[in-house]
Peer 1: 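One structure follows; several queries about it will come next.
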Amino acid sequence: MIPVVVVGAAGRMGRAVIETIGVDAGFILKAGVDRAARPRDWDPALAWADDPDRVLNRGDVVVEFAGPEAVVGAARSCAKHGVPLVSGGTGLSEADERAVREAAESVAILRSANFSLGILALRRALSSVLSALPEWDVEIVERHHRAKQDSPSGTALGLGREVARARGYAASSLRHGREGRVGARPQAEIGMHAVRGGSWVGDHTVLLAGPGEWLELRHVAQDRVAFARGALKAAEFVANASPGLYTFEAVLSAAAR
Ligand code: NAD
C-alpha cells in the first residue's frame, strides 16, 4: 500500500482524493496538509499539518490539489525529502513552473491540469479533427463553479496552446473574450471564453466553425471523483518512477505497455 499525503486536504479536490483513497486497496492515507483548519470529521489518528515538510518521509507520495503557492511549496518539500509528487493545482506563473522543473531534477513529479480520461480522449480526437479541418475557426468555451480562482482554466489554456501549436499560430493567438468594435475575426486567432457560476465541476468545449457547418468536441466532468481516480493512477506511476517531470499521458502509455 502506498502512503499518500494529500496537500489541499480541506478543499473540494483534496476531499475527493481522500474519499477515493478510502475505496482503493492500493493506497493508505497518511496525512492531510492544508493551511485551513483540520475538518471536524478528520480521523484524529491521522496527521494534519499546514506544511508538507512536517509530515513527509521517504516512501510517501504527495498528491496536491491546492493552487500555485502550494504547488511550489510541495515540490520543494518533496525534493528535500526524496518523495514523488502528483500535482493538479492550476494557475501557475512561469516562475512557478520553473521552480517545479528544478525540483523534478531530484524527484519524480507528474503535473496535469486535468486528470480525467475523457479529456485525454478529447485531446487525441482534437488532434485528428484539426488535421482534417485545417481552415476552420477554433473557439474554446469552459464552464466552472463560481469559486474557481483562475481563468481560463488550466485545461482550456492547455487545449488552446495545443491548437496554436498544431496550426503554427503564435502563442499570442489566444484571445481572451471580445468586447466592442473588434472587427472581423482573424484566421490565426483562438477565442477563449470562461463562464463562471453555480457548482459546475468542469465543462470544456472546443468549437470548430467552417463555412455552413460546425463541430463541437465537449467534455463534462460531473463528479470530482473522475480527477481523483486519475490522480491515484498517477500516484502509482510516480511511486516507481525516476526523477523527472512527467505528464498524465506517461501513465496511460505505461499502462498500455
Ligand atoms: P479549493 O479551494 O476547494 O481547495 C484548495 C485547498 O487548498 C483549500 O483547502 C486551501 O486552504 C488549500 N491551500 C491553498 N493554498 C495552500 C497553501 N499554500 N498551503 C496549504 N494549503 C493551501 O479548490 P479545488 O476546487 O479543490 O481545486 C484546487 C486546485 O486544483 C485548483 O488549482 C484547481 O484549478 C485544481 N484542479 C485541478 C484538477 C486536475 O484534474 N488537475 C481538477 C480540479 C481542480
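All ligand and atom numbering here is 1-based and tracks the order in the structure. Residues: numbered from 1 along the sequence shown.
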Peer 1: With no hydrogens and no angle check, just 3.5 Å: does a side-chain donor-acceptor pair link H193 and E139?
Peer 2: yes

Peer 1: Side-chain heavy atoms under 4.5 Å apart, restricted to Ile/Leu/Val/Met/Phe/Trp/Tyr: what other residues fall into the cluster of W214, or is it alone?
Peer 2: none

Peer 1: Determine, using heavy atoms of G73 and all atoms of ligand 1, whether some pair is separated by less than 4.0 Å.
Peer 2: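 No, G73 has no heavy atom closer than 4.0 Å to ligand 1.
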
Peer 1: List ligand 1 atoms under 4.0 Å from G8, heavy atoms only on the residue side.
Peer 2: 6 (C), 7 (O)

Peer 1: Is there a polar contact, in the sense of an N or O pair closer than 3.5 Å, between A113 and ligand 1?
Peer 2: yes

Peer 1: Pick one of side chain, backbone, both or neither for how F227 approaches ligand 1, counting any non-hydrogen atom pair under 4.0 Å.
Peer 2: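 Within the 4.0 Å criterion, F227 contacts ligand 1 through side-chain atoms alone.
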
Peer 1: Which residue and atom name correspond to the protein heavy atom nearest atom 44 (C) of ligand 1, and how close is it?
Peer 2: M13 CG, 3.6 Å

Peer 1: Among side-chain atoms of R196 and S151, is any donor-acceptor pair under 3.5 angstrom?
Peer 2: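 Yes, because at least one side-chain N or O of R196 sits under 3.5 Å from a partner of the opposite role on S151.
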
Peer 1: Among all the protein's non-hydrogen atoms, which is closest to atom 33 (C) of ligand 1, and how far away is it?
Peer 2: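 Atom 33 (C) of ligand 1 sits closest to the protein heavy atom T90 OG1, 3.7 Å.
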
Peer 1: In terms of residue, atom name and distance, what is the protein heavy atom nearest to atom 4 (O) of ligand 1?
Peer 2: G11 CA, 3.2 Å

Peer 1: Looking at ligand 1, does S112 have a heavy atom less than 4.0 Å from it?
Peer 2: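 Yes; S112 lies near enough to ligand 1 that a heavy-atom distance drops under 4.0 Å.
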
Peer 1: For atom 2 (O) of ligand 1, what is the closest protein heavy atom, and at what distance to 0.1 Å?
Peer 2: R12 NH2, 3.4 Å

Peer 1: For the atom pair NE2 (H219) and CG (D203), what is the distance rounded to the nearest 0.5 Å?
Peer 2: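 Here the rounded value is 9.0 Å.
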
Peer 1: Should we count NZ of K30 as having more than 12 external heavy atoms under 6.0 Å?
Peer 2: yes

Peer 1: Counting neighbours of CZ on R38 that are heavy atoms of other residues, nucleotides or ligands and sit closer than 6.0 Å, is the number greater than 12?
Peer 2: yes

Peer 1: Tell me which part of K148 gets within contact of ligand 1: side chain, backbone, both or neither, using heavy atoms under 4.0 Å.
Peer 2: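 It is the side chain that touches ligand 1; the backbone stays farther off.
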
Peer 1: To the nearest 0.5 angstrom, please state how far the CD atom of E64 sits from the CG atom of L85.
Peer 2: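 Reported value, rounded in 0.5 Å steps: 6.5 Å.
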
Peer 1: Answer with yes or no whether D34 contacts ligand 1, where contact means a heavy atom under 4.0 Å from a ligand atom.
Peer 2: yes

Peer 1: Among all the protein's non-hydrogen atoms, which is closest to atom 40 (O) of ligand 1, and how far away is it?
Peer 2: F115 N, 2.9 Å

Peer 1: Which option out of R224, H145, R35, E69 puts a heavy atom nearest to atom 15 (N) of ligand 1?
Peer 2: R35

Peer 1: Side chains of residues 1-19: which donor-acceptor pairs under 3.5 Å do they make with residues two or more places apart or in other chains?
Peer 2:
unit_1 : atom_1 : unit_2 : atom_2 : d
R15    : NH1    : A10    : O      : 2.5

